[in-house]
Amino acid sequence: MNNVVVLPILIPVLTGIVLILVRSLTWLRIIGVASLLINIGVTAYLISQIDATGIQVLELGGWSAPFGIVLVADMFAALLVVTANVTAVICLLFASRTIGEKRERFYFHSFYQFLIAGVCGSFLTGDIFNLFVFFEVMLISSYALIVLGATKQQLRESIKYMLVNMLSSVFFVVSVGFLYGAVGTLNMADLSLRIAEMGQGGLLNIIALMFLFVFGLKAGLFLFFWLPGSYSAPPAAVSAIFAALLTKVGIYALIRTFTLIFYQDPDFTHELLGWMAGATIVLGTIGAVGAKNVKGILVYNVVASVGFIIFGLAAFTEGALQGVVYYLLHDIVIKALLFLLGGAFLIAAGTGRLRSTGEWIRTYPLLGWLLFATAFAVAGVPPLSGFLGKLLILEGGLRAGEYVLVGIALLSSLLLLYSIIRWFMEGFWKPRPEGAPAGGETRVVRSLLMPCVLLLAISAALGLGAEGLAGFVDQAAHTMAEPSVYISAVLGE
Amino acid sequence: MELLVAILIGVLFMIGTYLILTRRLLRIILGTVLLSHGAHLLLMTTAGLKRGAPPLLGEEAAAYTDPLPQALILTSIVISFGVTSFILVLAYRTYKQLGTDDMEQLRRQEDE
């Protein structure tokens with residue numbers, strides 16, 4: 001029993017409620033940032049506890065494990081929570097400069113806190129129906145954030161985004177119903193134990209596929225048709241936090257279910273995951289290379305990286321899982337950075353169409369070189385953060401004998417680098433064409449660069465400090481590779 | 001009894017799917033409502049319909065009904081109620097702003 005586990009969920013919820021009552025813009029921003037900073041501190045303390053005494057469990061309401069709902073903070077979840085909060089703070093700094101007073105007055109900050117609460121809850125819960133509830137907390141806040149401002153494009157895309165997610169929620173409930181009918185429990189540790197006893201036969205494989213469909217839809221794994229439209233509709237700060245966190249929660253759910261619950265029949269489930277990941281990488285890369293618009297490049301980069309992380313899960317060796325943890329942390333930071341740079345560029349150049357921009361390196365050299373460095377971080381060039389994760393995932397893939405998929409992943413890294421460099425060349429170096437729109441105010445754009453520099457610094461720190469991080473990542477991957485560690489921590493046997 | 005409910009769930013899913021595949025926004029929303037009703041009934045049926053006394057302490061009975069699915073349904077109903085009311089408002093606003101509720105015309109136009 002450890003009450004600290006609930007704090008990363010409780011702090012944003014309470015702050016969100018308080019922020020509904022606050023009128024002053026300055027206080028809205030200060031309280032919002034302060035809440036996330038406190039959250040980072042609490043989670044860091046939680047990580048030190050996990051490091052010292054193992055997985056921390058909180059039985060809500062005092063009901064013991066398989067009967068009541070538990071919150072479980074293992075190293076993987078805690079690392080994700082802390083990275084999510086760090087990224088959220090920086091996106092909030094960017095948001096308060098760009099999102100506009102009207103949106104801020106209409107409860108942007110409250111929805112933002114509720115979104116973070118939903119994300120942290122999804123990471124920390126140990127009960128599969130509770131996971132559904134936290135998914136919904138996160139989604140309902142995201143519905144509000146995506147439509148806030150109500151421009152025509154936002155309205156059109158929000159309707160589609162909501163319908164897709166409502167449908168997948170229905171399937172989530174149905175899958176939970178089937179799982180409960182088949183196994184008779186909803187606690188993840190207990191599920192793992194009972195499925196190991198009864199064997200993962202045909203019925204459970206079908207249920208596993210239903211979960212794959214539900215989480216795949218949320219993560220944008222192969223079923224990403226809804227993602228490009230929805231992620232390019234809202235303002236930059238909102239789409240940055242969506243790209244950084246929402247798809248990652250889907251990925252986390254996939255990883256949790258397919259390492260802890262449905263891991264008995266990897267020849268079937270993980271093989272399928274591997275091919276879905278391969279298809280996602282290929283389609284995402286094609287989209288990124290073919291995009292004529294900055295937003296197109298951004299969203300298809302998200303899609304491709306989802307495929308890459310799930311490829312690590314499909315390889316399913318402890319080394320590959322370590323790579324997944326590294327890469328997931330890196331991807332949260334770097335996707336937020338990419339979207340923030342995109343947002344700053346849109347304001348600077350006045351348009352996202354690559355054809356009608358150019359020569360911005362004269363006005364904004366720092367923005368240009370930040371983009372250049374980010375391109376290398378995305379491709380995984382050391383010393384930036386993507387390198388180690390990529391290396392471990394590819395090594396795991398080779399060990400698992402997935403040579404075709406490793407080839408696809410390597411080629412796609414190169415092409416993704418090309419897609420961003422093309423934005424760099426056309427947006428910053430090419431002579432500006434006739435009739436290009438006038439850019440935004442220089443002072444405004446320069447003030448946006450501070451959050452981007454912070455994120456790039458974090459990315460470099462993740463890359464250079466990989467040695468110090470290794471101990472934590474090893475623990476996280478070990479828990480995933482050995483479900484018995486998780487089970488004995490929760491059920492205490 | 002379970003069989004009848006199972007058929008009812010099937011019918012709800014069938015009509016819901018049909019409505020979702022149409023072009024009018026309102027019909028699609030009604031479709032998702034029917035689908036979520038089907039899902040809730042399914043949750044109730046998976047644990048078996050009434051198998052015994054109410055699950056209360058101190059009541060002498062040989063068998064108790066499983067209370068968990070009902071708790072799950074309650075949670076799920078509240079969520080789908082909230083989300084449905086939100087999307088109804090959103091659909092109305094979209095209709096006012098864009099002047100159409102036809103999904104074909106709500107497609108994305110390139111390069112905005």
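Order of the sequence lines sets the chain letters (A, B, ...), proteins ahead of strands, with each chain counted from 1.
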Mind listing the closest non-hydrogen atom pair of Tyr180(A) and Leu68(B) along with its distance?
-> CE1-CD2, 3.4 Å

Output all residues satisfying salt bridge (charged side-chain N to carboxylate O under 4.0 Å, His left out) with Glu426(A), sequence neighbours left out; order by chain, then residue number.
-> Lys430(A)

Engaged part of Met44(B) at the chain A interface, taking heavy atoms whose separation is under 4.5 Å = neither

Report yes if the side chains of Ser36(B) and Val173(A) come closer than 4.5 Å at any heavy-atom pair, otherwise no.
-> no

Contact winner vs chain A - Ile29(B), Ile20(B), Leu43(B), heavy-atom pairs under 4.5 Å | Leu43(B)

Please round to the nearest 0.5 Å and tell me the distance separating atom CD of Glu157(A) and atom OG1 of Thr94(B).
-> 11.0 Å

Contacting region of Phe13(B) [heavy-atom separation from chain A under 4.5 Å] = side chain

Considering all heavy atoms, the nearest Ala150(A)-Arg93(B) contact = CB-NH2, 3.7 Å

Would Tyr143(A) and Leu90(B) count as a side-chain contact (heavy atoms from CB on, under 4.5 Å) if you check the C-alpha gap in whole Å, the side-chain angles of each, and the deciding distance to 0.1 Å?
-> CA-CA 10 Å; Tyr143(A) 299 152; Leu90(B) 183 63; over 6 Å; no

Under 4.5 Å to a heavy atom of chain B? For Phe67(A) that would be neither

Interface residue of largest heavy-atom contact number with chain B, from Leu163(A), Leu186(A), Asn165(A), under 4.5 Å = Leu163(A)

So do Leu155(A) and Tyr95(B) actually touch side chain to side chain, heavy atoms under 4.5 Å?
-> no

Below 4.5 Å from any heavy atom of chain A, which atoms of Leu35(B) appear? Answer side chain, backbone, both or neither.
-> both

What do you reckon, is CZ of Phe106(A) surrounded by more than 12 foreign heavy atoms closer than 6.0 Å?
-> no

Test salt bridge (charged side-chain N to carboxylate O under 4.0 Å, His left out) applied to Glu434(A) - qualifying residues, sequence neighbours left out | none

Minimum heavy-atom distance Ala39(B)-Val174(A), with the two atoms named | CB-CG2, 3.6 Å

Quick one: what part of Ile159(A) sits under 4.5 Å from any heavy atom of chain B, side chain, backbone, both or neither?
-> both

Most heavy-atom pairs under 4.5 angstrom with chain A, which of Ile28(B), Thr84(B), Ile87(B), Thr45(B)?
-> Ile87(B)

Nearest heavy-atom neighbours spanning Gln97(B) and Lys152(A) | O-CE, 3.6 Å

Contact check, side chains of Met162(A) and Val83(B), non-hydrogen atoms, under 4.5 Å | yes

Give a yes or no on whether Phe225(A) atom CZ has more than 12 heavy-atom contacts from other residues, nucleotides or ligands under 6.0 Å away.
-> yes

Under the salt bridge (charged side-chain N to carboxylate O under 4.0 Å, His left out) test, residues paired with Arg105(A) that sit two or more places apart | Glu101(A)

Take atom CZ of Arg194(A) as the centre, draw a 6.0 Å sphere, and report whether it contains more than 12 heavy atoms from other residues, nucleotides or ligands.
-> yes

May I ask you to list the residues in residues 72-82 of chain B that approach chain A closer than 4.5 angstrom, counting heavy atoms only, ordered by number?
-> Leu72(B), Thr75(B), Ser76(B), Ile79(B)

